[in-house]
Amino acid sequence: NRKVLALADLDKDRELVNTVAATRTRQLDEHLHALFGGIVQSGPFAGTRLHMPTHWYLGMAARLVGTIEAHLYPAIDDALTRPLAGIVSVGASDGFFAIGMLRRRADLRAILFEMDAPHHETIRINAAANGVADRVEMRGRADAAALGTAIDELPGDGPVFLLADCEGAEAEMLDPYRAKGLARAEILVECHDFKVPGVTDLLVRRFATTHAVERVVEAGRPIVPHPALAGLHEVDRLLLACEFRPQAMTWLRMRPKSG
């Protein structure tokens with residue numbers, strides 16, 4: 001009889017596979033960045049210019065072919081058609097989303113929070129390369145108070161668009177009692193239930209009174225049939241569609257019911 005491997009054994013194998021796959025993904029990131037000259041080829045931010053960081057970083061290839069977090073694109077496209085007071089990005093990484101949105105809306109400015117210092121220089125380079133440096137303000141670690149202050153600094157018609165990917169800190173940070181401005185913010189937040197069990201349901205309950213709440217469940221990246229990818233091995237093309245998540249992720253899109 002064949003031995004059935006225990007989940008613990010499978011997890012050990014997965015860690016090894018993830019390490020090898022991440023190394024290969026980094027190679028693909030560098031290859032496609034050179035091939036495309038750092039210019040995003042498709043998706044809502046096509047034409048955006050991206051710097052290839054020297055520090056460890058994954059996801060460049062997915063940005064360039066327009067598939068990263070593709071399940072969020074309809075919400076972003078919709079928001080950009082309406083009046084907005086500005087953009088706040090928490091866990092901004094390289095600034096890809098905020099800078100891409102600024103390219104499409106010359107009337108907006110953005111405040112970006114990023115606690116990982118090596119990303120700050122990348123954000124500066126990307127903002128300058130895309131002609132939006134004068135509309136980007138970069139800050140470090142965020143908390144509820146800092147988030148509330150940032151929202152208050154963006155007065156104007158329409159809500160502030162808040163994009164949050166803060167690796168589990170969303171439970172503490174997205175607190176409308178400590179950040180009053182959240183009541184007028186349109187929020188798109190990734191929920192890290194594998195780090196903070198139950199955080200999705202917590203946020204749904206917390207904002208149910210003030211916001212219309214929609215769950216956006218990660219569907220996986222599509223494999224884009226870009227001509228430049230046709231010559232890649234199937235495994236490489238699958239890696240471009242992999243975000244190395246421990247489980248399917250849920251985002252919440254929360255729009256103010258009034259204002």
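Computed over heavy atoms, backbone and side chain alike; hydrogens, waters and symmetry mates excluded. Small disclaimer: the values here were computed from a predicted structure and weren't measured.
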Open item on the list: Going by the rule salt bridge (Lys or Arg N to Asp or Glu O under 4.0 Å), which residues pair with D201 if we only count those two or more places apart in sequence or in a different chain?
Closed with: R215

- [ ] Hey, could you give me the CG/CD distance between L252 and E214, rounded to the nearest 0.5 Å?
- [x] 9.5 Å

Task: Hphob cluster co-occupancy, L188 + I68, side-chain heavy atoms under 4.5 angstrom - done: yes

- [ ] Answer yes or no: is there a side-chain heavy-atom contact under 4.5 Å between E172 and R178?
- [x] yes

Task: Beyond-backbone contact of V65 with Q41, side-chain heavy atoms, under 4.5 angstrom - done: no

Task: Min side-chain heavy-atom separation L240-L229 under 4.5 Å - done: yes

Open item on the list: Going by side-chain hydrogen bond (donor to acceptor under 3.5 Å, both in side chains), name the residues that satisfy it together with K180, two or more places apart in sequence or in a different chain.
Closed with: none

- [ ] Treating Ile, Leu, Val, Met, Phe, Trp and Tyr as nodes and any side-chain heavy-atom pair under 4.5 angstrom as an edge, say whether L202 and F194 lie in one connected cluster.
- [x] no

Open item on the list: Measuring from atom OG of S93 to atom CD of E114, what distance do you get when rounded to the nearest 0.5 angstrom?
Closed with: 6.0 Å

Task: Minimum heavy-atom distance between D193 and V199, given as atom pair plus value - done: OD2-N, 3.1 Å

Kindly list each side-chain donor-acceptor pair under 3.5 angstrom involving residues 75-89, sequence neighbours excluded, with atom names and distances?
from : atom 1 : to   : atom 2 : distance (Å)
D77  : OD1    : R104 : NH1    : 2.7
D77  : OD1    : R104 : NH2    : 3.3
D78  : OD2    : R82  : NE     : 3.4
D78  : OD2    : R82  : NH2    : 3.1
D78  : OD2    : R253 : NH2    : 2.5
T81  : OG1    : D78  : O      : 2.6
R82  : NH1    : E186 : OE1    : 3.2
R82  : NH2    : E186 : OE1    : 3.1
R82  : NH2    : E186 : OE2    : 3.1

Task: All salt bridge (Lys or Arg N to Asp or Glu O under 4.0 Å) counterparts of E190, not counting sequence neighbours - done: R245

TODO: Apply salt bridge (Lys or Arg N to Asp or Glu O under 4.0 Å) to D236 and list each qualifying residue two or more places apart in sequence or on a separate chain.
DONE: R24

TODO: Please check if M138 and V132 belong to a single hydrophobic cluster, counting links between Ile, Leu, Val, Met, Phe, Trp and Tyr side chain heavy atoms closer than 4.5 Å.
DONE: yes

Task: Close side-chain approach of P176 to R206, heavy-atom, < 4.5 Å - done: yes

TODO: Given side chain to side chain contact (heavy atoms under 4.5 Å, CB included), test H71 with V217 step by step and report yes or no.
DONE: CA-CA 8 Å; H71 44 286; V217 180; over 6 Å; no

- [ ] Verify, without hydrogens or angle tests, whether H211 (side chain) and V213 (backbone) share a donor-acceptor contact under 3.5 angstrom.
- [x] no

Task: Listed partners of D94 passing side-chain hydrogen bond (donor to acceptor under 3.5 Å, both in side chains), at least two apart - done: Y57, R63

Open item on the list: Apply side chain to side chain contact (heavy atoms under 4.5 Å, CB included) to residues E218 and T250 and explain how you reach the verdict.
Closed with: CA-CA 6 Å; E218 176 190 10; T250 297; over 6 Å; no

- [ ] Using the test ring pair (Phe, Tyr, Trp, His ring centres under 6.0 Å), find all partners of F45 that sit at least two apart in sequence or belong to another chain.
- [x] F96, F97

Open item on the list: Applying side chain to side chain contact (heavy atoms under 4.5 Å, CB included), can you list everything that pairs with P118, at least two apart in sequence or on another chain?
Closed with: H55, D116

- [ ] Kindly give the heavy-atom pair with the smallest separation between P256 and A185, and that separation in Å.
- [x] CG-O, 3.4 Å

Open item on the list: Pair L112, E137 - check side chain to side chain contact (heavy atoms under 4.5 Å, CB included), show working.
Closed with: CA-CA 6 Å; L112 279 61; E137 182 176 345; over 6 Å; no

Open item on the list: Under the rule for side chain to side chain contact (heavy atoms under 4.5 Å, CB included), what residues qualify as partners of R49, not counting sequence neighbours?
Closed with: I39, A129, N130

Atom pairs and distances, side-chain donor-acceptor, residues 147-165, under 3.5 Å, sequence neighbours left out:
from : atom 1 : to   : atom 2 : distance (Å)
T149 : OG1    : A145 : O      : 3.1
E153 : OE1    : R139 : NH2    : 2.4
D165 : OD1    : H192 : NE2    : 3.4

- [ ] Spell out, yes or no, whether V136 and I111 are grouped together once hydrophobic residues are joined by side-chain heavy atoms under 4.5 Å, including indirect joins.
- [x] no

Open item on the list: To the closest 0.5 Å, what do you measure between CZ (R135) and CG (L102)?
Closed with: 5.0 Å

TODO: Nearest 0.5 Å please: distance from the CG atom of L64 over to the OG atom of S42.
DONE: 9.5 Å

Task: Atom pair CG/CE of D175 and M173 - distance to nearest 0.5 Å - done: 11.0 Å

Open item on the list: Could you walk me through whether L174 and L182 satisfy the side chain to side chain contact (heavy atoms under 4.5 Å, CB included) test, starting with their C-alpha distance in whole Å, then the side-chain angles of each, then the deciding distance to 0.1 Å, before giving a yes or no?
Closed with: CA-CA 8 Å; L174 298 184; L182 287 170; 4.1 Å; yes

TODO: Establish whether V90 and M101 are linked, either directly or via other cluster members, by ILVMFWY side-chain heavy-atom contacts under 4.5 Å.
DONE: no

- [ ] Taking all heavy atoms of I125 and all of H51, pick out the closest pair and write down the distance.
- [x] CG2-CB, 3.6 Å

- [ ] State, yes or no, whether a side-chain contact exists between M60 and P53 at a heavy-atom distance under 4.5 Å.
- [x] yes

TODO: Evaluate salt bridge (charged side-chain N to carboxylate O under 4.0 Å, His left out) for R124 paired with E121, printing each intermediate quantity in order.
DONE: CA-CA 5 Å; R124 291 189 191 96; E121 182 62 19; 3.3 Å; yes

Task: Partners meeting side-chain hydrogen bond (donor to acceptor under 3.5 Å, both in side chains) with E30 (sequence neighbours left out) - done: R26

- [ ] Mind listing the closest non-hydrogen atom pair of A171 and V196 along with its distance?
- [x] CB-CG1, 4.4 Å

Task: side chain to side chain contact (heavy atoms under 4.5 Å, CB included) against T25, all qualifying residues, sequence neighbours excluded - done: D29, L58, L239, F244

Task: Minimum-distance pair of heavy atoms, taken over all atoms of F113 and A146 - done: CZ-O, 3.7 Å

- [ ] Determine whether more than 12 heavy atoms belonging to other residues, nucleotides or ligands lie under 6.0 Å from atom CE of M115.
- [x] no

TODO: Find the distance between CG (L28) and OG1 (T23) and round it off to the nearest 0.5 Å.
DONE: 11.0 Å

